[in-house]
Protein chains: 2
Amino acid sequence: MVPVTRLGLMTHESSLVNRLTELLTAGELRPGEKLSEASLVERFDVSRNTLREAFRVLGEQGLLQHIPHRGVSVASPNTADVVDIYRVRRAIECSVLERAPRNHPHAVHMAEAVEQAKAAAAAEDWLLVGTANMSFHNALVSMSDSVRLMRSFGNVLAELRLAFLKVEVLDFLHAPFVDRNQGVLDAYLGESPAEAARLLEGYLGDSERQVLGAYARAGQA
Amino acid sequence: MVPVTRLGLMTHESSLVNRLTELLTAGELRPGEKLSEASLVERFDVSRNTLREAFRVLGEQGLLQHIPHRGVSVASPNTADVVDIYRVRRAIECSVLERAPRNHPHAVHMAEAVEQAKAAAAAEDWLLVGTANMSFHNALVSMSDSVRLMRSFGNVLAELRLAFLKVEVLDFLHAPFVDRNQGVLDAYLGESPAEAARLLEGYLGDSERQVLGAYARAGQA
DNA sequence: TAGCATCGATTGTTCTACAAAACTAGATCC
DNA sequence: GGATCTAGTTTTGTAGAACAATCGATGCTA
């Protein structure tokens with residue numbers, strides 16, 4: 001007899017973590033922005049203690065940077081960070097794709113994400129295209145059936161989102177990748193996981209180059 | 001002009017995180033053990049706030065489990081967790097090995113770890129064998145040149161250590177794997193990364209089975 | 001202009017306090 | 001006997017005040 005599933009439980013602190021995460025991924029807290037304790041205590045109407053605990057959680061996730069005695073600021077990935085992030089993406093995504101069993105249940109989610117992205121692209125809703133693209137890659141990694149891999153990957157992807165926001169990688173730039181997602185999916189479904197991984201590797205390389213290009217244009221390190 | 005490298009900086013809290021990490025990996029805090037705030041506040045002579053911040057950090061790393069209103073306890077991986085951990089290890093380690101460039105500088109560290117393990121095994125210092133084994137796999141993942149991948153992998157390996165402690169996987173059981181580490185290294189150095197990855201995959205599968213066997217013998221879920 | 005001392009602001013840490021949730025141990029009921 | 005209820009105790013969640021330590025900026029001196 002399993003005890004109560006305590007999913008509905010929401011401490012003040014965990015909801016603060018959620019709220020901050022939303023603001024970060026929505027870009028309302030800009031990369032590099034200083035987050036002073038006093039201002040956020042006022043803004044969210046929580047105590048310093050609660051806020052600092054939330055800071056530690058998000059810091060460990062890589063979304064916030066904490067420098068002792070200098071406070072915390074929104075992570076601001078530089079080009080070295082972007083390169084590092086794409087190394088992780090290649091290692092994880094390609095590996096998962098190669099090892100995924102044929103007809104993994106979550107492959108359906110990948111297909112759904114591709115369809116959603118195509119429809120959004122047709123409607124020129126680039127924001128939705130970006131969201132669907134994230135869904136595709138999350139669905140891909142979920143085929144590992146590993147909650148830890150999903151968690152690590154999610155953190156890295158959230159950090160990459162900060163990189164996009166920093167140099168204003170416009171959402172419509174993701175459009176060309178919709179078809180390549182389809183290609184990766186087709187190769188996987190066509191029982192060619194090795195080929196699918198090869199396509200994905202090329203995909204990620206091009207994506208990385210595009211982001212680094214945006215950094216160069218923005219004159220950022 | 002780079003500012004001061006603030007590596008020597010040690011806030012009270014970060015040193016507490018370090019101390020707790022040591023106790024956890026040394027097994028002085030047993031898996032599943034309840035960590036009450038009052039007792040640890042007394043033991044480490046820190047305030048509740050500082051302790052709770054350290055709890056959040058270690059919780060996010062997976063070493064502590066935090067259940068709202070019930071406090072934190074040392075993570076106590078079950079068989080599902082072990083399976084999950086080995087999925088991550090296979091995905092990360094094999095992927096890194098396949099992609100590592102020929103003659104990566106850190107390959108030397110792998111070789112050193114193998115030598116250290118052999119010497120320790122000859123001296124029947126099984127604890128040192130285990131440490132050297134950890135060094136080998138850390139060196140392997142460091143060939144990814146990705147600090148994020150190293151960080152995620154380190155967290156997973158620390159959690160696996162808790163699993164060992166939980167069911168008392170004896171250190172000398174690692175001995176047979178010393179030669180297999182050598183085999184993986186030889187394949188990599190022999191310009192056969194694919195073969196090295198294949199060997200490592202088998203290695204990890206056997207290792208996983210051994211741990212799960214220990215769980216079964218201990219009557220643990 | 002390049003240090004350098006000073007001061008104000010921010011963070012690190014402790015302490016106290018109290019509300020809320022969880023645990024404990026009897027008491028009660030079937 | 002076992003389950004359930006209840007009241008009291010313990011522990012955690014959160015707020016807030018206070019102070020030390022450090023940082024950053026300001027203005028001064030050479």
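Hydrogens, waters and symmetry mates are skipped; everything else that's a heavy atom, side chains included, is used. In the text below, chain A, chain B and the rest are named by the order of the sequence lines, each starting its count at 1.
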Can you give one letter per nucleotide of nucleotides 9-17 of chain D, 5' to 3': B if a protein heavy atom sits under 4.0 Å from the base, S if only from the sugar-phosphate, - if neither? ---BBBBB-
Under the rule for salt bridge (charged side-chain N to carboxylate O under 4.0 Å, His left out), what residues qualify as partners of Arg52(A), not counting sequence neighbours? Glu37(A), Glu53(B)
Residues that Glu60(B) engages under salt bridge (charged side-chain N to carboxylate O under 4.0 Å, His left out), provided they are two or more places apart: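 Partners of Glu60(B) by the salt bridge (charged side-chain N to carboxylate O under 4.0 Å, His left out) criterion come out as none, since no residue qualifies.
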N/O donor to acceptor pairs below 3.5 angstrom from side-chain atoms of residues 38-45 of chain B, sequence neighbours left out:
| unit_1 | atom_1 | unit_2 | atom_2 | d |
| --- | --- | --- | --- | --- |
| Ser39(B) | OG | Ser36(B) | O | 3.1 |
| Ser39(B) | OG | Ser36(B) | OG | 2.9 |

With Thr21(B), which residues qualify under side chain to side chain donor-acceptor pair (under 3.5 Å), at least two apart?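 In terms of side chain to side chain donor-acceptor pair (under 3.5 Å), with neighbours along the sequence ignored, Thr21(B) is linked to no residue.
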Taking only residues at least two apart or on different chains, which pairs with a member in residues 148-158 of chain B satisfy salt bridge (Lys or Arg N to Asp or Glu O under 4.0 Å)?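 Applying salt bridge (Lys or Arg N to Asp or Glu O under 4.0 Å) to every pair that reaches into residues 148-158 of chain B, excluding sequence neighbours, yields Asp81(A)-Arg148(B), Asp84(A)-Arg148(B), Glu159(A)-Arg148(B).
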